[in-house]
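Remember, predicted model here, so these are calculated numbers, not experimental data. Every chain is numbered from 1 and lettered A, B, ... according to where its sequence line falls, protein lines coming before strand lines.
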Protein chains: 2
Amino acid sequence: MGTIIQDQQLDALFTALSDRTRRDIVARLSTGEATVKELAKPYAMSMQAVSQHIRVLERSGLISQGRHRQTRPCRLEPAALEAGLSWIEESRRTWSDRMDRLETHLAHVQDREDQ
Amino acid sequence: MGTIIQDQQLDALFTALSDRTRRDIVARLSTGEATVKELAKPYAMSMQAVSQHIRVLERSGLISQGRHRQTRPCRLEPAALEAGLSWIEESRRTWSDRMDRLETHLAHVQDREDQ
DNA sequence: CGCTTGATAAAGCGCATGCTTGAGTACTGG
DNA sequence: CCAGTACTCAAGCATGCGCTTTATCAAGCG
């Protein structure tokens with residue numbers, strides 16, 4: 001656990017999610033496949049810029065790109081999201097365990113004071 | 001929903017989590033409070049560098065800093081983690097709903113072919 | 001008081017990011 | 001074959017990041 005490869009995956013994942021445009025693209029792709037041109041349409045920026053965002057998302061494992069005629073349809077790879085989810089849940093779990101123990105401890109102290 | 005403020009919060013949150021050292025610090029703080037010096041000890045980098053990481057984590061809302069004598073103890077603020085968790089879960093939910101519908105649709109097509 | 005300790009502030013450096021424009025590639029319909 | 005569509009590649013530029021070093025500050029101790 002806590003290997004270097006995992007760390008690099010999480011680096012790439014959270015970096016990918018740290019940009020609003022890329023989060024938008026992920027949200028858009030969660031409703032189905034889309035081509036680069038379709039993904040670029042809502043934004044003021046050039047298609048090249050969107051293409052670069054797609055590259056970042058691909059490096060993180062969040063999406064993959066296929067080929068169909070002239071287009072490169074993108075689709076979500078939800079497995080990558082799971083990695084982020086479980087990292088966050090692990091931290092949360094540790095924290096709430098600690099809170100539980102603290103509560104128990106305080107309850108014990110209270111008991112002793114009640115004697 | 002989907003306001004500019006929310007977006008900025010998520011930007012800051014995922015940016016904060018995109019660095020291994022900062023994720024380490026969050027994990028460390030999930031087991032209890034710690035001072036800047038204590039947090040810096042495991043790393044080869046200077047305490048100033050760690051202090052800057054702490055600043056990034058604070059801006060994201062993931063941690064807060066108090067004052068006690070000469071020290072500035074840091075503690076985790078798990079509410080910020082929830083924001084990230086729910087963003088990821090929302091994407092996942094939309095995606096799996098779509099997969100369910102697709103399965104249902106394919107089942108229907110299968111039924112019609114079976115007739 | 002002056003000295004040490006724990007911490008922030010500020011400036012600087014190398015490198016990555018987000019975007020642009022211009023050129024190149026790959027497929028396709030006329 | 002040739003023009004157009006969908007994209008990628010490459011270079012350039014401004015900005016931000018991670019870290020360093022130097023300086024400063026605030027709190028406690030002799």
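- Checked for salt-bridge contact, D24(B) and R28(B) miss the test: no charged N lies under 4.0 Å from a carboxylate O.
- The backbone N or O of T15(B) lies less than 3.5 Å from a partner atom in the side chain of S18(B), making a donor-acceptor pair.
- For the pair S51(A) and dT8(D), the criterion of a side-chain N or O lying under 4.0 Å from OP1 or OP2 is met.
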Check: protein-nucleotides 17-21 of chain C nitrogen or oxygen pairs below 3.5 Å:
| from | atom 1 | to | atom 2 | distance (Å) |
| --- | --- | --- | --- | --- |
| dG18(C) | OP1 | R22(A) | NH1 | 3.4 |
| dG18(C) | OP1 | R22(A) | NH2 | 3.0 |
| dG18(C) | OP2 | R22(A) | NH1 | 3.0 |
| dC19(C) | OP2 | H53(A) | NE2 | 2.2 |
| dC19(C) | N4 | Q52(A) | OE1 | 3.0 |
| dT20(C) | OP2 | S46(A) | N | 3.0 |
| dT20(C) | OP2 | S46(A) | OG | 3.0 |
| dT20(C) | O4 | Q52(A) | NE2 | 3.1 |

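- When the P atom of dT5(C) is taken as reference, atom NZ of K41(B) falls 13 Å away, rounded to whole Å.
- When all heavy atoms are compared, the tightest approach of S30(A) to R98(B) is O-CD, 3.8 Å.
- Under 4.0 Å is where a charged nitrogen must lie from a carboxylate oxygen, and between R23(A) and D19(A) no such pair does.
- In this structure, CZ of R55(B) is placed 10 Å from C1' of dA9(C), rounded to the nearest angstrom.
- In summary, of the residues considered (K37(A), R55(A), M45(A)), a side chain to side chain contact (heavy atoms under 4.5 Å, CB included) with V50(A) occurs for M45(A) alone.
- Although no hydrogens or angles enter the test, the distance criterion places no donor-acceptor pair under 3.5 Å between the side chain of E90(A) and the main chain of W87(A).
- Whole-Å rounding puts the E58(B) CD to dA9(C) P distance at 10 Å.
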**Study point:** Heavy-atom protein contacts under 4.0 Å, nucleotides 25-30 of chain D, coded B base, S sugar-phosphate only, - none
**Key:** --SS--

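- The residue Q65(B) sits close only to the backbone: its heavy atoms come under 4.0 Å of sugar-phosphate atoms, none of a base.
- Taking atom NZ of K37(A) as the reference point, atom P of dT8(D) lies 14 Å away to the nearest angstrom.
- Side-chain atoms of R22(B) come within 3.5 Å of backbone N or O of A16(B) as a donor-acceptor pair.
- Listed here is the closest heavy atom pair of L29(A) and C74(A): CD2-O, 3.5 Å.
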